[in-house]
Asker: 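Handing you this structure, nothing more for now.
In what follows, chains are A, B, ... by sequence order, proteins preceding strands, each numbered from 1. Excluded from the calculations below are hydrogen atoms, water molecules and symmetry mates; all remaining heavy atoms, backbone and side chain alike, are included.
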Amino acid sequence: MKNDLPKAYVAKDYEDQIYLDWEKSRAFQPDKKSKKKPFTITMPPPNATGTLHLGHAVMLALEDIMIRYQRMQGRPALWVPGTDHAGIATQNKVERDVMENEGKTRHDYGREKFVKMIEKFVAGSQNTIRNQTRKMGASCDWSREYYSLDDRLNRTVFATFKKMFEDGLIYRGNRIVNWCTRCYSTISDDEVDHVETTAKLYTFKYDHKFPFEIATTRPETKLGDTAVAVHPKDKRYKHFIGKVIETNFCGRNLKLSIIADESVEPEFGTGALGVTPNHSIADDQLAQKYGLERIQVIAEDGTIASGMGKYSGMEVENAKERVVADLEKAKLVSKVEEIPQNLSVCSRCKTPIQPLISKQWFIDVNHPVSSWNYRTLKLQKGRAYSLKEVMQHVVREQMIEIIPDRFNATYFQWIDNLRDWCISRQLWWGHQIPVWYRKEDRETIKVQEKSPGKDWLRDSDTLDTWFSAGLFTFSPLRWIDGHDDFKTFHPTQVLETGYDILFFWVARMILMTTYMTGQVPFEKVYLHGLVRTRDGKKMSKSNPETCIDPLDIIPEFGADALRLSLFVGSTPGNDMRLYKEKIAGYRNFVNKLWNVARYILMSVEPSREYRFSATGKNGQLRRRGSTSSSMVPKPKTMADRWILSRLQHMIESTGKNIDEFRFSQAAEDLYAFTWNELADWYLEISKIQKRGDGKKAEQLASNTDEILVYVLRTLLKLWHPFTPFVTEELWTHVKTKGDQKLISESWPKLIKKLQNDKAEKAFDLVRESITTIRNLRAEYRVPPAKFVSAEIVSRKFQTMVDQNAEIIQALARVDSLTVKGGGKAPKNTVSQFLDGLAIHLPLTGLIDSQQEKDRVQKEISRLEVYMRGLEAKLKNKQFLKNAPADIVKAEQQRMETAQDSLQKCQEQLNQIL
RNA sequence: GGGGUUAUAGCUCAGUUGGCUAGAGCGCCACAUUGACAUUGUGGAGGUCACUGGUUCAAGUCCAGUUAAUCCCACCA
C-alpha cells in the first residue's frame with residue numbers, strides 16, 4: 001500500500017507510460033485460452049489522410065469501453081485497428097498539397113511516381129493516427145492492425161471482384177454517372193452533396209421556327225437535346241405529341257421528338273422540358289424509357305465536347321454565357337429569372353457534378369444469384385436472391401440489430417432506392433481493377449490480377465474505396481487464407497460508428513460480407529452522433545476556430561476527461577455539443593476520483609495487507625492466504641451496510657448498462673455514486689468511525705479500513721472501461737501480490753448478500769436528517785462553524801437514530817443531541833418533520849416567530865396541494881381497481897406520510913401562535 | 001416530394017417496458033475555507049416537460065394533429 005499520491009491528478013504525467021506498459025504486457029491481445037465467447041470489434045479505419053478528429057475520438061472511447069468491459073468479463077476481446085487508403089480523399093489531399101507547394105498536377109509526375117508520393121504521405125499519416133489512437137487509450141490489438149492496401153486485403157478484394165464478376169453481379173456498362181471534372185472521376189450517388197443555390201432559369205425557343213418555348217437552367221446542354229417532353233394532359237402541347245420537329249439551335253441541327261411523360265410538371269417554366277439524355281439523370285431515364293438518341297455535349301474534362309461547332313473546347317461556364325449571348329442576340333430569350341436550385345457537387349472537392357454517360361463498372365444489386373450460404377443466412381432454399389434482397393433480409397430478420405432502431409427505417413429506405421453501384425473510379429490511388437483487355441480487340445477481357453501476357457492491357461481505373469471497405473470485418477481476419485482468426489472472431493459482435501456512414505459503409509459491409517463469407521458481418525450496429533460546436537454547428541476543417549483538436553485537449557485535461565465528455569450526456573444516434581467547460585468538468589471529476597483514492601490510501605493502515613479478490617465460489621471474497629472462503633467485508637455499522645449495498649448495486653447496474661449500450665447512464669450512475677455517496681458521505685463517516693480510542697474502537701477502525709479498500713478496489717474496476725488511465729495508475733497503489741494490471745483484472749462479481757435495501761432506506765433517513773439540520777441552520781444563518789443542539793423525536797427510529805448519533809452530530813455540527821421515543825415537542829424550536837421522525841432545533845435568540853410561521857405555512861400549503869392530488873387518486877375507484885396493488889399501496893403510504901407531516905406542521909404552527 | 005430527429009431549469013442534456021411531489025452537469029445566489037480534493041465543501045433559487053386533442057385508473061413517456069428547428073434521401077428541367 002503506497003500512500004504518496006500528489007495532491008492533484010495531472011494526467012499527462014502518467015498516460016503515455018501507462019499505455020506503453022499495457023502494450024508491453026500484451027494485454028490488448030485476446031486471451032485465446034478463455035472458453036468464453038469471443039467479442040470482436042473492427043475499428044472503423046480512419047482515412048490515412050492526416051489526423052484524428054473528435055468523431056474518431058468518440059468512436060475510440062465507446063469501442064474501448066466495450067472492449068475493456070468484455071475483456072474484464074473474461075471473454076477473448078479483440079479490437080482490430082486499421083487505416084483506410086481512402087482513394088478519392090487521399091489522392092485529393094496529395095494533389096492539393098502538390099498544387100499548392102509546387103504548382104504541379106498529378107499528370108506532371110505520371111501514375112507510378114505520383115502513387116509513390118501518395119504512399120509516402122500515407123505512411124506519415126498512419127503514424128500520426130496510430131499515436132493519436134494510443135493517446136486516447138484505445139486498447140486495440142496492434143499486432144493485428146490492418147491497412148486496406150495490405151497484401152491479404154488486396155487478395156480479398158480481387159477474389160471478391162472475380163467471384164462477383166463470375167456470378168454476373170459485376171458488369172461493365174455505358175451509363176450515366178456523376179462525373180467530377182476536378183477529380184476527373186466518377187463518384188457514387190452517396191458522394192454527391194446537394195447545396196442550395198440560386199440559378200438563372202432561361203425561357204427561350206430553340207429557334208424562331210420552333211412552335212413553343214422551353215425553360216432551362218443549363219442552356220449549354222441544349223446542344224445535345226434530342227427530345228422535348230411535356231405532360232400528357234397539357235392542352236398547350238397536346239397536338240405536338242408524337243411529332244418530330246427539326247430545329248437549328250445555335251448553329252446545331254437538332255431533331256427533337258415531342259414526347260409525353262407524367263414526370264413533367266406543367267407548372268414549372270413553360271411546362272415543356274428540353275431532354276438532354278447524356279447530361280441529366282432524369283433525362284437519361286426518359287431517354288431509356290422512350291429510346292431517344294444521345295448526344296455527348298460535355299467531355300470528361302468539363303469542356304464542351306468536339307463536334308459542337310464553335311463551342312467545342314470551351315469550359316462549361318463560358319459556353320453557357322456564350323450560348324445565352326447568342327440566343328439573346330437572336331432575340332430568342334423571353335425571360336430570365338432567378339430560381340432556387342439544389343446544385344449537385346462533389347462531396348470531396350465541392351466541384352459541381354456533371355452527369356454524363358460513361359463506360360464504367362457496376363455492381364448489379366438486383367440480379368438474383370444462388371451463391372449464398374442459405375443455412376447461416378436463413379434463406380429459403382431453392383430460391384435465388386439479389387444482393388438487395390439479402391441486405392433487407394438480414395436486418396428484417398434481426399440477424400443484425402441497429403441501435404438506435406429508428407435507423408432501420410433509414411436503412412430500408414436507402415436500400416429500396418438503391419441503384420446499381422458504380423465501382424470504378426478514374427483515380428490512381430486504390431485497388432486497380434483486376435481486368436485485362438486484349439490490345440487488338442478491347443472487348444475480350446480476362447479477370448485476374450496478374451498480367452495474362454504482353455498483348456493485354458489492364459483497366460486503368462481503380463475501385464471505389466467502399467468496395468474494399470465492405471470487406472473489413474473479415475479481410476483483416478485473414479479469411480482469404482482460411483486463418484483461425486476468421487474462424488474464431490467472425491462474425492464480429494458490434495460495429496460502432498457514426499450514423500453518417502450507415503450507407504457508405506455499414507450497408508456495404510452487409511452486402512459484401514453476406515455474399516463472400518455467408519455470415520453477417522456483425523450482430524449489432526451501434527451508431528453514435530456527430531460532435532458539434534457549442535452552438536450546435538458542424539466542426540469543419542475549413543473553420544479551424546470551431547474545431548477542438550483532441551491532441552490539444554489531452555495534454556491539458558487528460559484522455560480520461562476527454563473520453564467522458566464525449567459520451568456522458570449523449571444518447572445513440574443523437575448529436576452532441578462539446579466545449580472546453582464540459583471537458584474541464586470531467587477533468588474535475590477525474591481529480592475527485594483521484595482524491596478519493598488518495599484519502600483512502602492516506603487514511604488506512606499502510607502496513608496491513610488488504611487482499612481481497614472476488615474469485616471465490618459464489619462470488620465471495622477471499623482474503624489471500626486466508627483459509628476462510630467467506631472473507632466478505634463485514635459491515636459493522638449502518639453506514640457500512642449502506643455503502644456496501646450501494647456498491648453492489650453499482651456492480652449490477654454498470655454491467656447491465658454496458659451490456660445494453662447505455663454507456664452514458666452507466667457513467668452517470670458511477671459518477672453520482674463516487675461523488676455524492678462515497679466521497680460526500682461514506683468518506684466523511686469513515687473519519688468518524690476511525691477516531692475513537694480503545695480496543696473496540698480500534699476494531700471498528702480496522703474494519704472500516706477493510707471496507708474502504710474493498711470499495712476503492714471495486715470502484716476502480718467499475719470505472720476502468722470508462723477512464724482507463726487514472727484507474728490503472730491508482731490500481732498500482734492498491735494492488736497486491738498476485739494482482740494483475742487493472743486492464744487484465746476481472747470484472748467485480750456481485751455479492752448478493754451485501755445488497756441490503758432495508759439498510760439503504762434506513763440510512764437515507766439518517767442522511768436526510770443531517771441535510772435537514774444543515775438546511776435549517778443555513779436558513780437561520782447559523783454560522784457553519786457554530787455548534788447547535790438538536791432533538792430528534794421518533795418512536796419508530798429511536799434506536800436507529802441513537803446508533804447514528806455520532807454521525808449526525810459530526811456532520812450536522814450538533815454538540816448536544818437528544819434522541820427521544822416520544823413526548824411533547826419542545827417549545828421555541830425550529831422544527832421539521834420527516835417520514836416518521838421529527839427534528840427540533842432550539843435556535844435560541846435566532847428564531848423570528850413570523851419567519852418561522854411563514855416557513856411552516858409554506859410547507860403546509862405545499863403538503864395540501866400534494867395531498868389533494870393523492871386524495872383524488874385514492875378516491876378514484878377505477879384507480880383502485882385497475883392499478884397494480886403495489887402502486888396503490890405506495891400511494892396510500894404516501895398519503896399517510898403526508899397526513900402525518902401535515903398534522904405535525906399544524907401542531908407546530910399552533911405552538912408558535 | 002418522401003423519411004427521420006429534436007422541442008424538459010438561464011445553457012448543455014438525461015429521463016429503459018406509462019406509476020414523477022420531473023433529474024444531472026454547468027451557470028446563478030448565500031455561506032464556508034490550513035486536515036483527500038478551490039479541479040473543494042454546505043445550503044438554496046430556478047420547470048403549466050412546445051401546442052391541441054385522444055387512449056388509459058394513470059401520460060414528460062403511447063397515438064393523432066399543429067408549430068418551430070434540424071438532418072437524410074429524392075429532385076423541377
Asker: So, using salt bridge (Lys or Arg N to Asp or Glu O under 4.0 Å) as the criterion, who are the partners of A/Arg577 when residues are at least two apart?
Answerer: none
Asker: By ring pair (Phe, Tyr, Trp, His ring centres under 6.0 Å), which residues pair with A/Tyr682, not counting sequence neighbours?
Answerer: none
Asker: With heavy atoms under 4.0 Å as the rule, sort A/Lys877 into base, sugar-phosphate or nothing.
Answerer: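 Result for A/Lys877 = nothing.
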Asker: When you measure from the centre of the six-membered ring of A/Phe589, is the NZ or CZ of A/Lys592 under 6.0 Å away and within 45° of the axis?
Answerer: no
Asker: Specify the residues of residues 555-568 of chain A, ordered by number, for which at least one heavy atom lies under 4.0 angstrom from an atom of RNA chain B.
Answerer: none
Asker: Under the rule for ring pair (Phe, Tyr, Trp, His ring centres under 6.0 Å), what residues qualify as partners of A/Phe212, not counting sequence neighbours?
Answerer: A/Phe210, A/Tyr237, A/Phe240
Asker: If you count every heavy atom of other residues, nucleotides or ligands that lies below 6.0 Å from A/Lys538 atom NZ, does the total exceed 12?
Answerer: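 No, not enclosed.
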Asker: Map every base of RNA chain B to its dot-bracket character, where paired means a Watson-Crick or G-U wobble contact with both distances under 3.5 Å and | marks a partner outside the strand.
Answerer: (((((((..((((.....[...)))).(((((.......))))).....(((((..]....))))))))))))....
Asker: Just jot down the salt bridge (Lys or Arg N to Asp or Glu O under 4.0 Å) partners of A/Arg218, sequence neighbours excluded, or say none.
Answerer: A/Glu220
Asker: For nucleotides 71-77 of chain B, give me one character per nucleotide, 5' to 3': B if any protein heavy atom sits under 4.0 Å from the base, S if the only such contacts are to the sugar-phosphate, - if neither.
Answerer: -S-BBBB
Asker: Run the ring pair (Phe, Tyr, Trp, His ring centres under 6.0 Å) test against A/Trp681 and tell me which residues pass, sequence neighbours left out.
Answerer: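 For A/Trp681, no residue satisfies ring pair (Phe, Tyr, Trp, His ring centres under 6.0 Å) once neighbours in sequence are set aside.
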Asker: Partners of A/Asn574 by side-chain contact (heavy atoms from CB on, under 4.5 Å), sequence neighbours excluded?
Answerer: A/Arg406, A/Thr571
Asker: My understanding is that only residues two or more places apart in sequence, or in another chain, count here; which of them pass salt bridge (Lys or Arg N to Asp or Glu O under 4.0 Å) with A/Lys873?
Answerer: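 Checked A/Lys873 against salt bridge (Lys or Arg N to Asp or Glu O under 4.0 Å); matches are A/Glu891.
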Asker: Taking only side-chain N and O atoms of A/Arg662, does any of them lie within less than 4.0 angstrom of OP1 or OP2 on B/U16?
Answerer: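 It does not, given that no N or O in the side chain of A/Arg662 lies less than 4.0 Å from OP1 or OP2 of B/U16.
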Asker: Is it the case that B/A36 (base atoms only) and A/Lys687 (side chain only) share a donor and an acceptor within less than 3.5 Å, ignoring hydrogens and angles?
Answerer: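 Donor-acceptor pair under 3.5 Å: yes.
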Asker: With a non-hydrogen cut-off below 4.0 angstrom, is A/Asp500 in contact with a base, only sugar-phosphate, or nothing?
Answerer: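 No contact.
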Asker: For the base of B/C57, is there a side-chain donor-acceptor partner from A/Lys881 under 3.5 Å away?
Answerer: no
Asker: Within less than 4.0 Å of OP1 or OP2 of B/A14, is there a side-chain N or O belonging to A/Thr571?
Answerer: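 It does, given that an N or O in the side chain of A/Thr571 lies less than 4.0 Å from OP1 or OP2 of B/A14.
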Asker: According to a strict under-4.0 Å criterion, is A/Arg534 in side-chain N/O contact with OP1 or OP2 of B/U12?
Answerer: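 Checking B/U12 against A/Arg534, no side-chain N or O comes under 4.0 Å of OP1 or OP2.
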Asker: Does a side-chain N or O of A/Arg587 approach OP1 or OP2 of B/U39 to a distance below 4.0 Å, or not?
Answerer: no
Asker: What pairs with A/Tyr526 under ring pair (Phe, Tyr, Trp, His ring centres under 6.0 Å), at least two apart in sequence or on another chain?
Answerer: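 Checked A/Tyr526 against ring pair (Phe, Tyr, Trp, His ring centres under 6.0 Å); matches are A/Phe661, A/Phe663.
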Asker: Where each residue is assigned the nucleotide of RNA chain B containing its nearest heavy atom, which of A/Leu880 and A/Ala778 is assigned the position nearer the 5′ end?
Answerer: A/Ala778
Asker: What string of B, S and - do you get for nucleotides 17-28 of chain B, 5' to 3', when a contact is any protein heavy atom under 4.0 Å?
Answerer: --B-B-------
